[in-house]
Amino acid sequence: MTASSSLALRALHEVEEFEACVQLQKDVWGFDDADLVPVRMFVVAHKVGGQVFGAFDGSRLVGYALAVPGDRNGHLYLHSHMLAVAPEYRNAGVGRQLKLRQREDALQRGIDLMEWTFDPLEIKNAYFNIERLGAIARRYVPNQYGITSSALHGNLPTDRLVAEWWLRSRRVEAVLAGRAPAPAEIQAEVRVPAEIHSWKDAGDARAEAAQTAIRDGLRAAFARGLAVLAFAREAGGAGTYRLGRWDEDWNYGPPRAEQATT
Ligand SMILES: CC(C)(COP(=O)(O)OP(=O)(O)OC[C@H]1O[C@@H](n2cnc3c(N)ncnc32)[C@H](O)[C@@H]1OP(=O)(O)O)[C@@H](O)C(=O)NCCC(=O)NCCS
């Protein structure tokens with residue numbers, strides 16, 4: 001971001017605002033029309049108790065977050081389906097501000113849990129979700145959306161980790177306050193090589209091999225009852241998922257449809 005001080009966040013309600021979100025979505029993901037989340041879905045999310053928040057630099061929409069409500073064994077939670085920031089505004093805290101706005105709104109509504117999925121090969125997103133927000137992950141969904149038209153997905157199966165953001169947990173409170181969460185004994189590690197992005201861009205077979213190794217490593221650790229509790233970045237750009245046992249009551253239970261996929 002150009003260190004602009006005029007950035008403002010607000011809830012979006014109007015069709016024109018949702019159209020700006022769809023345009024930003026096209027710019028960020030490069031989806032074909034068939035893969036786009038359309039304006040009508042933003043309208044629906046807004047109407048049924050989801051969230052649509054936008055970040056503006058003056059009148060320009062530079063980021064948005066879209067969430068829909070969900071039910072987990074009788075508990076209301078929010079599934080955050082999309083978070084996008086325009087490329088020239090990244091790494092300046094806009095994404096984090098949008099997540100904090102989502103959290104504030106959820107807490108006001110008495111909601112304790114937000115979830116979203118992310119590509120385990122995306123090192124920045126892993127760091128952002130686990131280290132900057134305090135999310136944990138203990139579920140893995142292979143090829144969640146099928147193979148899509150987005151260049152960001154590199155023609156690979158759309159494997160996803162489920163981020164669970166327990167909004168009132170001591171862990172999240174600590175991380176958001178800039179403190180380290182309670183230390184956990186690390187019992188497994190799964191590394192993502194820095195070259196993954198260039199391999200994906202080039203259609204190099206090593207990208208799929210790395211995806212398979214990471215999938216196998218994470219699923220084996222999850223089967224042992226471990227969760228991703230930390231993500232370590234290396235100077236060269238690689239990153240490592242660090243897994244251990246959790247000690248809080250993060251326990252709405254797995255969604256029935258996903259029980260077989262962890
Ligand atoms: C993911 C996304 C929304 C983040 O937005 P953002 O405004 O850049 O996020 P923030 O600036 O709040 O935080 C990004 C953090 O990642 C860090 N980061 C940046 N590049 C990184 C990299 N290659 N590896 C690890 N961490 C990285 C930044 O330093 C920053 O951390 P810091 O606050 O400790 O400095 C944005 O990159 C985006 O739109 N990506 C494309 C769409 C997407 O992947 N959406 C998310 C799906 S879960």
Side-chain angles (χ1 to χ4, degrees), residues 1-4 7-9 20-31 35-37 51-57 60-68 78-103 114-137 139-141 144-145 148-154 156 158-165 175-180 191-201 228 230-242:
M1 185 168 62
T2 49
S4 164
L7 196 82
L9 267 66
C21 293
V22 173
Q23 184 56 53
L24 185 54
Q25 185 190 158
K26 284 183 183 170
D27 298 342
V28 167
W29 278 278
F31 285 131
D35 283 320
L36 273 179
V37 174
Q51 298 172 325
V52 191
F53 289 113
F56 290 84
D57 184 2
R60 180 183 167 196
L61 180 84
V62 299
Y64 71 86
L66 166 71
V68 291
L78 285 161
H79 178 85
S80 184
H81 182 52
M82 293 190 133
L83 174 69
V85 173
E88 62 272 38
Y89 285 80
R90 289 186 192 157
N91 301 324
V94 180
R96 192 161 181 274
Q97 282 188 57
L98 282 162
K99 296 307 291 183
L100 293 178
R101 185 72 190 82
Q102 286 185 308
R103 176 175 183 261
M114 293 195 71
E115 291 189 351
W116 58 92
T117 61
F118 69 101
D119 182 347
L121 305 182
E122 289 294 326
I123 292 166
K124 173 183 172 181
N125 293 6
Y127 170 78
F128 176 74
N129 292 330
I130 306 299
E131 293 293 323
R132 295 295 281 133
L133 300 177
I136 63 163
R139 285 153 40 216
Y140 194 101
V141 188
Q144 172 155 278
Y145 303 114
T148 79
S149 54
S150 173
L152 287 186
H153 299 159
L156 291 179
T158 47
D159 285 21
R160 291 292 179 267
L161 269 175
V162 182
E164 297 174 38
W165 202 25
V175 168
L176 295 184
R179 301 190 307 271
R191 187 169 181 275
V192 185
E195 298 79 11
I196 190 69
H197 303 295
S198 53
W199 291 342
K200 265 170 85 170
D201 291 347
V228 174
F231 188 81
R233 294 190 292 182
E234 292 172 24
T240 300
Y241 291 98
R242 309 191 77 216

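Just so you know, ligand 1 is whichever comes first in the structure, and atom 1 is the first atom listed for that ligand.
Residues meeting the ring-ring contact (aromatic ring centres under 6.0 Å, His included) test with F56, sequence neighbours left out: none. With sequence neighbours excluded, no residue forms a side-chain hydrogen bond (donor to acceptor under 3.5 Å, both in side chains) with Q25. In this structure, K26 has no side-chain hydrogen bond (donor to acceptor under 3.5 Å, both in side chains) partners at least two apart in sequence or on a different chain.
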TODO: Could you walk me through whether L83 and W116 pass the side-chain contact (heavy atoms from CB on, under 4.5 Å) test, one step at a time?
DONE: CA-CA 10 Å; L83 174 69; W116 58 92; over 6 Å; no

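Residues N129 and K99 bring no donor and acceptor atom of their side chains to less than 3.5 Å of each other.
The immediate protein surroundings of ligand 1, defined as residues with any heavy atom under 4.0 Å of it, consist of V28, W29, L83, A84, V85, R90, N91, A92, G93, V94, G95, R96, T117, F118, I123, K124, N125, Y127, F128, R132, R233.
Ring planes of Y241 and F118: tilted class, angle from 30 to 60°.
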